[in-house]
Amino acid sequence: MNIPKEDNKTLEQERLAKLVRQRLGNLRQFGVTHLPRSTGQFVLGTSDPIPSIDSAAPAAGEVIAPTSESSTSEEVRGLQSGNQERGLRNAGHREGEVAALTGEVSAKNGSPLKVEAYPESMEISGRRRELDILSRQVSECQKCDELARCRTQTVFGVGNPGARLCFIGEGPGADEDRQGEPFVGAAGQLLNKIITASKMRREDVYILNTVKCRPPGNRNPSDQELENCWPFAVRQLEIMQPEFICCLGSVAARKLLNTKSSIGRLRQNFHQYRGSRVLVTYHPAYLLRNPSAKKPVWDDMKMLMQAMGI
Ligand code: URA
């Protein structure tokens, strides 16, 4: 078909405009509100309630996560003026914790490591479709010999694909393996109470696990099993792009944030995973064994509710 030259130009302009909008959206997810240019500043959507970088001294508890375990020694290279980085450092954050905000860090050897933003988000119907496809792939997975042999079924995830908040647990237990749904046993009952106390409903959020098959005898998933299964969780998050992620326990937190830090060190701060703000708290199963941990979990949930405007 012969497309008139003028129309071709318009199509190209539209394509470029779409690319630019997508890129700006990605940058905004990392908190970048202004970009330098030769004269003046380019403001991303002045009506957006994002604080200008110049005035962005962080509120207490406002932390940006390390993108890798080595990031404490990584040098931050801001995409912007650096005021926000300074603000975060002044607030006592390690350099690596600042890195994800700027979207770019450099390793010791100086080579830039990109913090990958989410791709363009999908409509809810598209998310459902993609999650269904992924769920079928998960159900056929045979990567972990022992887990594939011992499982009754895979446990993909449950909830609202348009959820603002995703909870990530560790892996299915016996009840979940039987029912094919995460967090339906004793820990799940407690998680339900935590969700309700936080003025949300289970059906509003999305719940998934780091691994999709029950490790026999309720052992922790091995490093290899985590490695094999993690791409499924990454894809789930990429499809849903939740505003908030709450890691339940150290297995999820360590995998998501690529850190070896303890829950005690990670909790009470917001971290960053791609475009999502991440809060870490104790696993409900840990609370069942250690009721004194309920208070810190409630403190974490209050922080999350406040950030979510609940
Ligand atoms: N613990 C988890 O981490 N996930 C579940 O689904 C159940 C218990």
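First listed ligand is number 1; within each ligand, the first listed atom is number 1.
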Best match, Leu190, Leu191, Asn209: closest heavy atom to atom 4 (N) of ligand 1: Asn209
A student checking ligand 1 against His283 at a 4.0 Å heavy-atom cut-off should list atoms 1 (N), 2 (C), 3 (O)
Apply salt bridge (Lys or Arg N to Asp or Glu O under 4.0 Å) to the pair Glu170 and Lys255, showing each step before the final yes or no. CA-CA 10 Å; Glu170 183 180 315; Lys255 202 67 195 151; over 6 Å; no
In this structure, does ligand 1 have an atom that sits under 4.0 Å from one of the heavy atoms of Glu181? no
Please could you name the atoms of ligand 1 that Glu170 approaches to less than 4.0 Å, counting only its heavy atoms? 2 (C), 3 (O)
I'd like to know if the side chain of Arg127 and the backbone of Met122 have a donor-acceptor N/O pair within less than 3.5 Å. yes
For residues Ala174 and Arg214, report the shortest heavy-atom separation together with the two atoms involved. N-NE, 3.5 Å
Going by distance only, is there an N or O of Pro182 that falls short of 3.5 Å from an N or O of ligand 1? no
Of the side chain and backbone of Glu176, name the one, both, or neither that has a heavy atom under 4.0 Å from an atom of ligand 1. side chain
Which residue and heavy atom of the protein sit nearest atom 2 (C) of ligand 1, plus the separation: Gly171 O, 3.1 Å
Measure centre to centre between the rings of Phe183 and His283, then say whether the value is under 6.0 Å. yes
Should the heavy atoms of other residues, nucleotides or ligands under 6.0 Å from CD of Gln189 be counted, would the total exceed 12? yes
For atom NZ of Lys199, is the number of surrounding heavy atoms from other residues, nucleotides or ligands below 6.0 Å larger than 12? no
What atoms in ligand 1 come closer than 4.0 Å to a heavy atom of Gly169? 3 (O)
